[in-house]
**Student:** 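Mind looking over this structure? Questions follow.
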Amino acid sequence: MTDLAWINAAITSARPQAVGALLRYFRNLDTAEEAFQDACLRALRNWPANGPPRDPAAWLIMVGRNAGIDGARKRKRETELPDEDHISDTDDVETPLAERLDNADYRDDILRLLFVCCHAGLPNTQQIALALRIVSGLSVAQIASLFLVSDAAMEQRITRAKARIAADGAQFETPTAIERAERLAAVATMLYLVFTEGYAAANAREGETRAPLCEEAIRLTRLLLALFPSEAEIMGLLALMLLQHSRRTARFDANGAIVLLDDQDRTQWDHRAIGEGLALIDKAIRHRRPGPYQVQAAIAALHARAATPAETDWSEIALLYATLERLQPSPVVTLNRAVAVSKVDGPAAALALIEPLAKPLDSYFYFHGLKGMMLRDLGRDAEARAAFDRAISLAKSPAEAAHIRMHLDALASGKKSAPDLRAV
Amino acid sequence: MLYAILCYNTENTVFSWSKEQEQKVMDDLHAVQEKHLKAKKLGPTARLMPTTAATTLRKGDTPLVLDGPYAETREQLLGFYIFDAANLEEVLAFARELGAVNPGGAYEIRPLHAFYPGTLETA
């Protein structure tokens, strides 16, 4: 492995802290990014010769800040500052800076940097693109390929988003506790968007292309949790991402098509990621402050703990969906609760739960699929067939359509042997 | 004489490694360990989960459970246990029992990503 690969990893991991601190100094995103770029170029020259500094982030902040000031001074034809050789070798200079960075500023710098990307006026796709550009440091071309759009289109998207932020300005005062909590919630939502953007792949090829989005979301959420170690919802969010991402290789078959949860080869799940997710849920539960991410993670954990679909603890899942319904009411959450209720209390109870959802979920594949199964189980075959027909017309993948066709075939031959359908 | 080798590194950087970098390091480490495993000189090795998965029990009359790793630098690492528990509460209960008879300091409770028993034979 080359020096360059290690330097890149060190720069990537230092980036949120360094750009965050430079943004605080210069109060301008473009200047902060330019100063950081400058510091990175100097690091590539300096580190292989002098060895990497003990604290790469502190080095990059110091050199970046000097470069930024230097740039401004050059424009004013003033004297230059000492070069970075004097910074990297002398522990004396580095140590107090590193200590200064160790305080709360550092936490708020990273949170601010993430928070500027969650500007409420920006559409989700722009928020995600901006975070990947500014916080993660991906190139425009890399982001464009993740989103399957042209470089020019992505360049334009990011430029627009930056202009919007520059026009409104960021908050540079140290946030109050309430502001900090609000920023944290907004950032959590944005990070989950990054994750779901990667997770929502229709086939294996797309899944592989977009997996870096999931991995980056996990990395940034881990960073956020390290900064705010007692935030139960951030523990829940990280657990949720890890548990979902643990199924990445089992989610697609040899032909690249989506495999539904019940049909997945559970030995292919990433048990290391599952272990970390479960450990985080254990920690979160101790706080007794349930939130939507924790509850969703707990549901994912119950699926992850079951060695076979038959061993799934459906009554616990039904309770958790009821909690989620209270915290975050939505027709889709109720539909998911109905799936669990059907396993525990039978089809009549589940059907009663989903009948009021007919209007809001009329164009939702899973609604008609579940309705069809409940009607079939109650012996109302003609109505079941109609619901399955509607589901097939709404199927978004061959796997979804194949499942419904299996149910229709079973109905035609008078059997009830087809396995259940559940969201991936 | 038995020795423990304690591994330190910058966590943020290690978790920014690409899959290829990670795999390369793991393969190289296993290659180094191979001959010592064959010679039955290498005992249990473990890879810890990130510090975000850690919980700390600060010992005292009323032990305090804190989120995150043990961050103080005044105390020194003096030993460790490997314990099989169904969940955090069970391992915390064990740590509390230990703490009751061994006052002072703290226990950092960190789940393991991987555990290899090794080939060391003890008398």
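Throughout, protein chains are lettered first and strands after them, A, B, ... in sequence-line order, and every chain is numbered starting at 1.
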**Student:** State whether A:Y199 and A:R251 meet the cation-pi test: NZ (Lys) or CZ (Arg) under 6.0 Å from the six-membered ring centroid, and within 45° of the perpendicular axis.
**Tutor:**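 Yes, a cation-pi geometry holds between A:R251 and A:Y199.
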**Student:** If I take atom NZ from residue A:K283 and atom CD from residue A:Q294, how far apart are they, to the nearest 0.5 angstrom?
**Tutor:**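 A:K283 atom NZ to A:Q294 atom CD measures 12.0 Å (nearest 0.5 Å).
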**Student:** With side chains defined as the heavy atoms from C-beta onward, is the minimum distance between A:E208 and A:R248 less than 4.5 Å?
**Tutor:**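 A:E208 vs A:R248: side chains apart.
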**Student:** Quick one: does B:K59's side chain have a donor or acceptor within less than 3.5 Å of a partner on B:N102's backbone?
**Tutor:** yes
**Student:** Which one wins on heavy-atom pair count under 4.5 Å against chain B: A:R272, A:H287, A:M235, A:E215?
**Tutor:** A:R272
**Student:** Could you check whether B:Y70 and B:E75, counting side-chain N and O atoms only, form a donor-acceptor pair closer than 3.5 Å?
**Tutor:**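 B:E75 vs B:Y70: donor-acceptor pair found between side chains.
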**Student:** With side chains defined as the heavy atoms from C-beta onward, is the minimum distance between B:L48 and B:H113 less than 4.5 Å?
**Tutor:** no
**Student:** Tell me if the CZ atom of B:F80 is crowded by more than 12 foreign heavy atoms within 6.0 Å.
**Tutor:** no
**Student:** Examine whether an atom of B:L112 lies under 4.5 Å from a heavy atom of chain A, and if so say whether it belongs to the side chain, the backbone or both; otherwise answer neither.
**Tutor:**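 Neither; nothing under 4.5 Å.
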**Student:** Quickly, which of A:L238, A:L220, A:L237 forms a side-chain contact (heavy atoms from CB on, under 4.5 Å) with A:L225? Name it, please.
**Tutor:**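 Running side-chain contact (heavy atoms from CB on, under 4.5 Å) over A:L238, A:L220, A:L237 with A:L225 returns exactly one hit, A:L238.
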**Student:** Out of A:A273, A:A279, A:S230, which one racks up the most heavy-atom pairs below 4.5 Å with chain B?
**Tutor:**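 Looking at each of A:A273, A:A279, A:S230 in turn, A:S230 comes out on top.
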**Student:** Is there a side-chain contact between B:L77 and B:L6, using heavy atoms and a 4.5 Å cut-off?
**Tutor:**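 Of all side-chain heavy-atom pairs linking B:L6 with B:L77, at least one is under 4.5 Å.
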**Student:** Heavy atom to heavy atom, less than 4.5 Å: which residues from residues 11-19 of chain B reach chain A?
**Tutor:** B:N12, B:T13, B:F15, B:S16, B:W17, B:K19
**Student:** Against chain B, label A:E216 side chain, backbone, both or neither, depending on which of its atoms sit under 4.5 Å from a heavy atom there.
**Tutor:**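 When you check distances to chain B, no heavy atom of A:E216 falls under 4.5 Å.
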**Student:** Pick one of side chain, backbone, both or neither for A:R219, based on which atoms fall under 4.5 Å of a heavy atom in chain B.
**Tutor:** side chain
**Student:** Less than 4.5 Å to any heavy atom of chain B: does that hold for the side chain of A:H271, its backbone, both, or neither?
**Tutor:**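 Contact with chain B is absent: no heavy atom of A:H271 under 4.5 Å.
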